[in-house]
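Have a look at the structure below before the remarks.
We count residues from 1, following the sequence as given. In listed order, ligands and their atoms are each counted from 1.
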Amino acid sequence: MQEIVDPWKLSQIMDKLTGSDASVGLVPTMGALHAGHMRLAQMARRESNTVVMSIFVNPTQFGPSEDFDRYPRDLARDREMAADAGVDLLFIPKLQTMYPNGAGEQQIWVDPGRLADNLCGATRPGHFRGVATIVSKLFHMVQPQRAYFGQKDGQQALIIQSMVADLAFPIEIRIIPTVRERDGLALSSRNIYLSREERLQAPVLYHALTAARKVIENGELHAGPIETILRREIAGASLARLEYATVADQHSLQPVTGIMPEKNIIAVAAYFGKTRLIDNLMVGLQYGVPTFS
Ligand code: AMP
């Protein structure tokens, strides 16, 4: 595994790879790697000749009162994990390289518009603009054929999918199923913030989604009752403070009144103490029969 800081050096390496068999898979991350990131890298390894993983804690996707300064960082461990997962190039750009106008300063942004109005976007103004902007920079620098995102951050993955379609990036976006702890909690770099009690209650998000799945399988297609079940389940965990529990259309990311034939995302977010956790389930309807991912 080779480690690169300078995007021009990266670009020279990438240029040498271009040709009819060029097949580069990019896994963008903020580091503090866990088995969820590893799954993305393994999928990239399976499908690409060259796997590039980026590690960059992007300031523009953190709000002023969010955890940018205390976001977990452990480069030594990340290096080992990335090498184990078969990453060829570990790209760790400097802040000045990604934001030459100054930390988080940017004259031109990639604006996800209404896609950022709901779900996490409603309480994290500017977050998805920061995500779309940094991911488009990474796409320009790496020029991958495929890029890998986790379903865990469902709204993010769907916004990136729309971004490549609307801005004509010739990149296939692969959305990889959420990797979970044995009790159902979605792996997240932020799980280490949880106290012992919070950690015990945190799987309630997954249990709520599982309960929603069950009622949908039993024929409930209205969003209202599905959202009520999500809320009721999460209210059962004394340490959980619900932020949202919403059924939305997978393309527009707007709330819907019922499960649509096209794909839907059922998404939840809740605070446990100061730690904000999210999870989701994607639901389609084929010939009236629900399918889940
Ligand atoms: P992050 O480092 O948190 O920005 O995440 C980098 C990528 O890993 C994103 O595409 C995430 O959606 C993905 N990811 C994070 N947690 C998981 C998980 N539990 N399972 C699968 N992918 C994940």
Quiz question: by atom type and distance under 3.5 Å, do the side chains of Ser23 and Arg146 form a donor-acceptor pair?
yes

Within the 3.5 Å criterion, strictly below it, is a donor on Asn118 or Gln254 matched to an acceptor on the partner's side chain?
yes

Any ion pair linking Arg276 and Asp67 (charged N to carboxylate O, less than 4.0 Å)?
no

Report the part of Ala35 (side chain from C-beta onward, or backbone N, CA, C, O) that has a heavy atom under 4.0 Å from ligand 1; answer both or neither where that applies.
neither

Ligand 1 versus Leu40, non-hydrogen atoms closer than 4.0 Å: side chain, backbone, both, neither?
side chain

Taking only non-hydrogen atoms of Ala32, do any sit less than 4.0 angstrom from ligand 1?
no

Would Val179 count as being in polar contact with ligand 1, using the rule that some N or O on each side must be under 3.5 angstrom apart?
yes

Using distance alone, determine whether Met30 and ligand 1 share an N or O pair under 3.5 Å.
yes

Whether the Thr60 and Tyr99 side chains hold a donor-acceptor pair (N or O, under 3.5 Å, no angle test) is what I'd like checked.
yes

Among Phe149, Tyr71, Tyr148, closest by any non-hydrogen atom to atom 3 (O) of ligand 1
Tyr71

For Ile55, the hydrophobic cluster (side chain heavy atoms closer than 4.5 Å, chained through members) also holds Met1, Val27, Leu33, Met38, Leu40, Met43, Val51, Met53, Leu75, Met81, Val87, Leu90, Ile92, Tyr148, Ile176

Pro28 versus ligand 1: do any nitrogen or oxygen atoms come within less than 3.5 Å of each other?
no

Considering distance alone, does some N or O of Thr29 sit under 3.5 Å from an N or O of ligand 1?
no

Sub-4.5 Å side-chain heavy-atom contact between Glu181 and Arg199:
yes

Between Pro177 and ligand 1, which residue portion shows a heavy-atom distance shorter than 4.0 Å: side chain, backbone, both, or neither?
backbone

Taking 4.0 Å as the limit for heavy-atom contacts, which would you say applies to Gln156 with ligand 1: side chain only, backbone only, both, or neither?
side chain

Between Asp6 and Lys94, does at least one N-O distance fall below 4.0 Å, as a salt bridge requires?
no

Residues 125-134 side chain polar contacts: donor-acceptor under 3.5 Å, at least two apart:
from, atom 1, to, atom 2, distance (Å)
His127, ND1, Gln61, O, 2.7
Thr133, OG1, Val110, N, 3.0
Thr133, OG1, Arg129, O, 2.7

I'd like to check which ligand 1 atoms, numbered from 1 as shown, lie under 4.0 Å from a non-hydrogen atom of Leu187.
16 (N), 17 (C), 18 (C), 19 (N)

So for Arg39, does at least one of its heavy atoms come nearer than 4.0 angstrom to any atom of ligand 1?
no

Determine whether the side chains of Ser238 and Gln201 contain a donor N or O and an acceptor N or O closer than 3.5 Å.
yes

Nearest protein heavy atom to atom 10 (O) of ligand 1, by residue and atom, and its distance?
Gly150 N, 2.9 Å

Starting from atom 14 (N) of ligand 1, find the nearest protein heavy-atom neighbour and note its residue, name and distance.
Asp153 OD2, 4.2 Å

What protein heavy atom sits nearest atom 5 (O) of ligand 1, and how far away is it?
His37 NE2, 3.4 Å

With a heavy-atom distance limit of 4.0 Å, tell me whether Lys152 approaches ligand 1 through its side chain, its backbone, both, or neither.
side chain

Evaluate the side-chain proximity of Glu66 to Tyr71: yes if any heavy-atom separation is below 4.5 Å, no if none is.
no

Find out whether Ile13 and Gln2 are in side-chain contact, i.e. whether some heavy atom of one side chain is under 4.5 Å from a heavy atom of the other.
yes

Compute the minimum heavy-atom distance from Gln151 to ligand 1 and say whether it is under 4.0 Å.
no

